[in-house]
Structure formats: C-alpha cells, structure tokens
Amino acid sequence: MPIPDEVIRVFRRQKYQIVGKHSAVKTCYWTRQALNTAEERHCYKQRFYGIRSLRCLQMTPSLARCVQACLFCWRAMSTDLGVEWNQTVFPADEVEDPSFIVEESIKAQRRALIGFKGSDRVDKSLLKLALEPTHAAISLEGEVTLYPRIGNLIEEYFAHGFTTALLVTNGLLPEVLSRIEREPSQLYVSVCAPDEETYRTVCRPLIPNGWGRLSETLEYLNSFSCPTAIRMTLAKGVNLRNPEGYAKLIDKANPTYLEPKAAMAVGYFIRRLPREAMPLHKDIREFAERLAELTGYQIIDEAEPSGVVLLSRLGKAKKLES
C-alpha cells in the first residue's frame with residue numbers, strides 16, 4: 001500500500017525531501033548550524049565520533065513504516081492523523097533500487113541546502129563541502145531495516161564515495177541484521193525500556209513478540225565487527241527509571257558504546273506526552289552515572305545541547321573516519 005497523501009503532506013510540512021516512493025531526506029539542524037560561521041555549533045556525533053556535521057546526510061529508506069509506535073516519537077502515526085495504512089509491511093512491488101535512492105538522496109540534500117547560497121552568514125567554501133556529503137545517517141524516520149535491501153543500500157553509499165554510514169534500528173528484525181550484506185560504520189540499537197512490561201507500554205510494538213525479537217538482537221550484537229551502540233531515548237515518568245534493568249540488557253549485548261539521551265518534546269511527542277516529560281541534561285547525566293556504576297562502562301563525553309551522554313569501556317572507544 002503506498003503512503004497515503006495525507007501522510008506525505010505532513011512530512012512535506014516538516015521539511016522532509018521526499019525521495020522516490022518510500023525514502024526521504026531531512027537536513028539536520030546541526031548541518032545547518034555548521035554552515036553558520038557565527039555560531040559554529042555541531043552535532044554530538046561530531047564531538048563523540050569525529051563525524052563532521054557539515055557533510056552529514058540524514059535519510060530513511062522506509063518513510064512512514066515502523067514496527068513500533070513509541071510514545072515519545074516525534075513522527076506522525078495513523079492514530080495521530082486518523083488515516084489507516086499498514087506501516088509494518090514493505091510491498092515487494094514498491095521496493096526501489098539502492099543506487100537510485102543514494103543518488104536521489106544526495107540530490108535532495110542539495111535541494112534543501114541550496115538556499116544558503118544567498119546568505120551572508122554562510123562561508124561559501126563550507127557550503128561547497130556540505131553539497132558533497134560523505135556521511136550517511138540511515139535513521140531519521142521509521143524502521144530502516146524494513147527496507148529489504150538495507151545491506152545493499154549501505155554498500156551503495158560507500159560506492160558513491162561516502163566514508164561512513166551509520167544504521168539505527170529498534171532491533172525488532174534480528175533476521176535482517178543476521179544476514180546483512182555490508183556492515184555499517186556503526187550500528188545503533190534503540191533500547192528504550194528496561195523490562196518487558198515497560199516495553200509494551202512505552203514502545204508499543206506493532207508486530208508479535210517484540211520484546212523477544214529485541215532480546216535476540218541484543219544477543220547477536222556482539223558478533224558485529226563494527227562499533228555498536230545501545231541508545232536509550234528517555235522520557236521522565238515514562239522510561240527514565242530502573243537502570244538495573246537496562247544494565248542487564250547492556251550486559252547481554254556488550255556494545256561498544258552507551259548513549260542515554262533525552263527524548264525531545266518536538267513534533268507529535270507533545271500530542272502524547274506532556275512537555276515536562278522531556279528530561280533535563282542533569283537527569284540524563286545522573287542516569288548515566290548510575291549506569292556506569294552498574295555496568296563498568298565509563299562516562300567519556302557528553303553533549304548538553306543534545307541531552308546525551310556517551311559511555312564506553314576502557315579501550316573500546318574509537319573515532320570513525322569522517
């Protein structure tokens with residue numbers, strides 16, 4: 001089933017550049033900030049991993065398709081819009097070629113940035129670099145591993161001269177990760193509940209056995225050769241609790257990094273949760289300190305504007321090529 005027009009209109013209003021039938025690009029806030037020579041502010045991924053915000057392309061190959069309906073998510077869901085569509089299925093006849101998606105996503109990034117040519121606040125040499133992205137953040141919206149050719153998509157970004165490609169998943173499709181043709185530069189798994197009861201209430205899986213599927217992915221995570229990260233998107237009064245439960249899941253997965261991060265009160269988050277559910281940075285820092293005590297990971301950095309803290313074990317952390 002194609003994405004309904006009503007849904008596409010919402011994404012267009014939110015400044016998404018639609019790519020083909022099922023992909024999209026949205027220029028990141030931090031990419032735009034990196035162009036502003038008066039501000040010189042950058043994404044936490046640049047601070048943590050050496051990935052340059054200026055040259056980052058944020059995209060999804062699975063627009064409006066997901067296998068969870070998380071309370072804290074900023075995206076529009078069927079219940080928000082009163083529009084029915086099957087967001088857990090990727091029809092075979094709609095699957096577009098990875099090379100097409102990569103080429104069109106680069107064009108979409110350029111379309112989104114071209115307006116900066118007229119700004120006196122933008123260094124034109126920086127803009128020239130931004131128009132030639134070298135880093136793909138395959139996340140943005142939806143569950144990207146629903147796209148049946150996700151490994152080929154990663155390969156295509158490298159083939160097109162990209163030096164890094166991050167993949168972010170909610171981990172409910174371990175069978176896809178187990179047979180991925182090309183590993184990403186770094187694999188993120190979102191773990192946003194410390195136990196099954198909280199998971200069902202907060203993450204609201206749309207396919208059977210969501211918790212079991214996530215657990216399978218965590219057991220498999222240590223087999224990846226690329227750096228791995230567990231990201232915990234946390235909201236006050238929702239899932240910012242029970243660090244002991246998270247610690248057990250972390251011990252199972254043994255990731256390279258931990259990223260406890262504040263859920264942001266933007267988009268459709270504020271239709272489901274009060275603004276006060278967005279944690280302060282000090283709340284995330286305190287949670288990270290407790291995780292460090294329980295897991296043996298150490299706090300190695302933090303980015304207060306993004307509400308995120310980075311933890312790793314001694315000797316495991318490394319910079320990615322930017």
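Positions are given from 1, in the same order as the sequence printed here.
Put simply, the side chain of S105 gets close to the backbone of I101: a donor and an acceptor are under 3.5 Å apart. Side-chain N or O atoms of E196 include none that pairs as donor or acceptor with a backbone N or O of W211 at under 3.5 Å. When atom types are taken as modelled, the side chain of T256 and the backbone of P227 share no donor-acceptor pair closer than 3.5 angstrom. Not a single donor-acceptor pair under 3.5 Å links the side chain of N254 to the backbone N or O of D251.
Between E183 and S225, the side chains place a donor N or O and an acceptor N or O closer than 3.5 Å (distance only, hydrogens not considered). Side chains of T169 and E143: a donor on one and an acceptor on the other come within 3.5 Å. With hydrogens and angles left out, the side-chain atoms of Q68 and R204 include no donor and acceptor closer than 3.5 Å.
Of the residues listed (Y49, Y297, Y188, F48), the one engaging Y257 in a side-chain contact (heavy atoms from CB on, under 4.5 Å) is Y49, and it is the only one. Only one option out of R47, K45, R285 pairs with D301 in a salt bridge (charged side-chain N to carboxylate O under 4.0 Å, His left out); it is R47. Here the rule is side-chain contact (heavy atoms from CB on, under 4.5 Å) with R52, and of L129, T164, T134 only L129 fits it.
Note that SG of C43 is 11.5 Å distant from OH of Y29, once rounded to the nearest 0.5 Å. A distance of 4.5 Å separates CD1 of I18 from CD1 of I8, quoted to the nearest 0.5 Å. Distance CG/L214 to CG/L249: 7.0 Å, rounded to 0.5 Å. Atom-to-atom distance recorded for T60:OG1 and F11:CZ is 8.5 Å, nearest 0.5 angstrom. For the atom pair CZ of R182 and CZ of F158, the computed distance is 4.5 Å after rounding to the nearest 0.5 Å. Taken to the nearest 0.5 Å, the SG atom of C28 stands 11.5 Å off from the CG atom of L54.
Residues Q14 and Y268 meet the side-chain proximity criterion, which asks for heavy atoms closer than 4.5 Å. For the pair I299/E289, a side-chain contact is recorded, criterion being any heavy-atom separation below 4.5 Å from C-beta on. At a threshold of 4.5 Å between non-hydrogen side-chain atoms, the residues H281 and E302 count as touching. Residues T198 and N242 have side chains not in contact (no heavy-atom distance under 4.5 Å, counting atoms from C-beta outward).
Classified by interplanar angle (parallel below 30°, tilted 30° to 60°, perpendicular above 60°), the ring pair Y246/F287 is perpendicular.
Heavy-atom contacts from other residues, nucleotides or ligands closer than 6.0 Å to CZ of R200 number 12 or fewer.
The distance between the ring centers of H22 and Y147 falls below 6.0 angstrom.
A cation-pi arrangement is present between R65 and F90, with the terminal nitrogen or guanidinium carbon under 6.0 Å from the aromatic centre and inside a 45° cone about the axis.
No salt bridge links E244 with K248; every basic N to acidic carboxylate O contact stays at or beyond 4.0 Å. With respect to the salt-bridge test (charged N to carboxylate O, under 4.0 angstrom), the residues E216 and R213 do not qualify. Between K21 and E94 there is no salt bridge, since no side-chain nitrogen of the basic residue lies less than 4.0 Å from a carboxylate oxygen of the acidic one. Ion pairing between a basic and an acidic side chain is recognised when a charged N comes within 4.0 Å of a carboxylate O; K107 and E103 show no such pairing.
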